[in-house]
Amino acid sequence: MDTQDIVEIWRQEAIQEGLKQGLERGVRQGLEQGIERERKLLLRLLRRRFGDQVDEATERRVEAASAEQIEVWVERVLSADTLAELLAD
């Protein structure tokens with residue numbers, strides 16, 4: 001194996017690593033965008049259902065919530081009688 005072969009192997013490995021990192025970054029960004037869309041949808045649904053009860057504190061709570069918590073709250077939108085019941089942990 002000569003120097004050119006070694007350089008080619010390193011180049012291929014670098015390309016593979018770059019592709020892997022790019023894919024991981026893309027997946028992460030896609031997940032973040034999906035969570036952000038869910039947050040926006042939840043806030044729209046909350047405003048539609050509970051009106052003025054959805055204040056800045058509620059908005060901050062939704063913005064700070066995990067993806068799992070957002071999912072729980074989205075599932076409660078139609079069944080909760082009050083905003084407090086919907087946002088209960």
Side-chain angles (χ1 to χ4, degrees):
M1 183 178 291
D2 64 9
T3 303
Q4 189 173 8
D5 292 335
I6 293 171
V7 169
E8 181 60 24
I9 290 170
W10 285 348
R11 189 180 78 74
Q12 290 296 325
E13 288 174 356
I15 289 171
Q16 290 300 319
E17 183 61 28
L19 290 171
K20 179 182 171 190
Q21 289 176 1
L23 180 61
E24 289 171 356
R25 189 175 313 128
V27 168
R28 194 170 39 252
Q29 286 175 341
L31 289 173
E32 289 170 5
Q33 289 172 354
I35 293 167
E36 187 58 32
R37 278 190 227 111
E38 284 190 28
R39 283 191 176 104
K40 288 179 181 181
L41 175 60
L42 176 60
L43 284 170
R44 282 198 314 268
L45 292 171
L46 292 177
R47 288 185 190 107
R48 182 139 191 155
R49 177 105 194 269
F50 299 106
D52 292 339
Q53 294 178 48
V54 181
D55 57 9
E56 287 182 27
T58 302
E59 290 175 359
R60 284 192 303 271
R61 189 167 175 195
V62 169
E63 291 300 324
S66 68
E68 294 80 16
Q69 186 64 63
I70 296 293
E71 187 175 323
V72 169
W73 290 340
V74 166
E75 291 175 4
R76 292 181 188 165
V77 166
L78 297 177
S79 62
D81 292 323
T82 66
L83 181 59
E85 181 183 336
L86 187 143
L87 296 176
D89 292 330

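The residues of the chain are indexed from 1 along the displayed sequence. Keep in mind the model is a prediction, meaning the values are calculated, not measured.
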Rest of the hydrophobic cluster containing Ile35 (Ile/Leu/Val/Met/Phe/Trp/Tyr, side-chain heavy atoms under 4.5 Å)?
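Besides Ile35, the hydrophobic cluster comprises nothing; the residue is isolated.
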Could you give the distance from [atom1] ([X]) to [atom2] ([Y]), rounded to the nearest 0.5 Å?
X: Leu23; Y: Arg28; atom1: CG; atom2: CZ; answer: 10.0 Å
X: Leu83; Y: Arg49; atom1: CG; atom2: CZ; answer: 9.5 Å
X: Phe50; Y: Thr58; atom1: CZ; atom2: OG1; answer: 10.0 Å

Pairs where residues 52-67 contributes a residue and the test salt bridge (Lys or Arg N to Asp or Glu O under 4.0 Å) is met, not counting sequence neighbours:
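Every pair satisfying salt bridge (Lys or Arg N to Asp or Glu O under 4.0 Å) with a residue in residues 52-67: Arg47-Glu59, Glu56-Arg60, Arg61-Asp89.
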Pairwise salt bridge (Lys or Arg N to Asp or Glu O under 4.0 Å) hits with a residue in residues 66-79, at least two apart:
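Applying salt bridge (Lys or Arg N to Asp or Glu O under 4.0 Å) to every pair that reaches into residues 66-79, excluding sequence neighbours, yields nothing.
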Just grab all the side chain to side chain donor-acceptor pair (under 3.5 Å) pairs involving residues 31-40, residues at least two apart or on different chains.
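Checked against side chain to side chain donor-acceptor pair (under 3.5 Å) - neighbours excluded - no pair reaches residues 31-40.
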Please identify each residue that fulfils side chain to side chain contact (heavy atoms under 4.5 Å, CB included) with [X], with sequence neighbours left out.
X: Glu85; answer: Ala80, Asp81, Thr82
X: Leu45; answer: Leu41, Val77
X: Leu19; answer: Ile15, Gln16

To check you understand the geometry: which heavy-atom pair defines the closest contact between Ala88 and Trp73, and what is its length?
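Shortest heavy-atom separation between Ala88 and Trp73 comes out as O-NE1, 4.0 Å.
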Side chain to side chain contact (heavy atoms under 4.5 Å, CB included) between Val62 and Leu46, intermediate numbers included
CA-CA 10 Å; Val62 169; Leu46 292 177; 4.2 Å; yes
side-chain hydrogen bond (donor to acceptor under 3.5 Å, both in side chains) with Gln21: which residues, sequence neighbours excluded?
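Counting only residues at least two positions away or on another chain, Gln21 forms a side-chain hydrogen bond (donor to acceptor under 3.5 Å, both in side chains) with Glu17.
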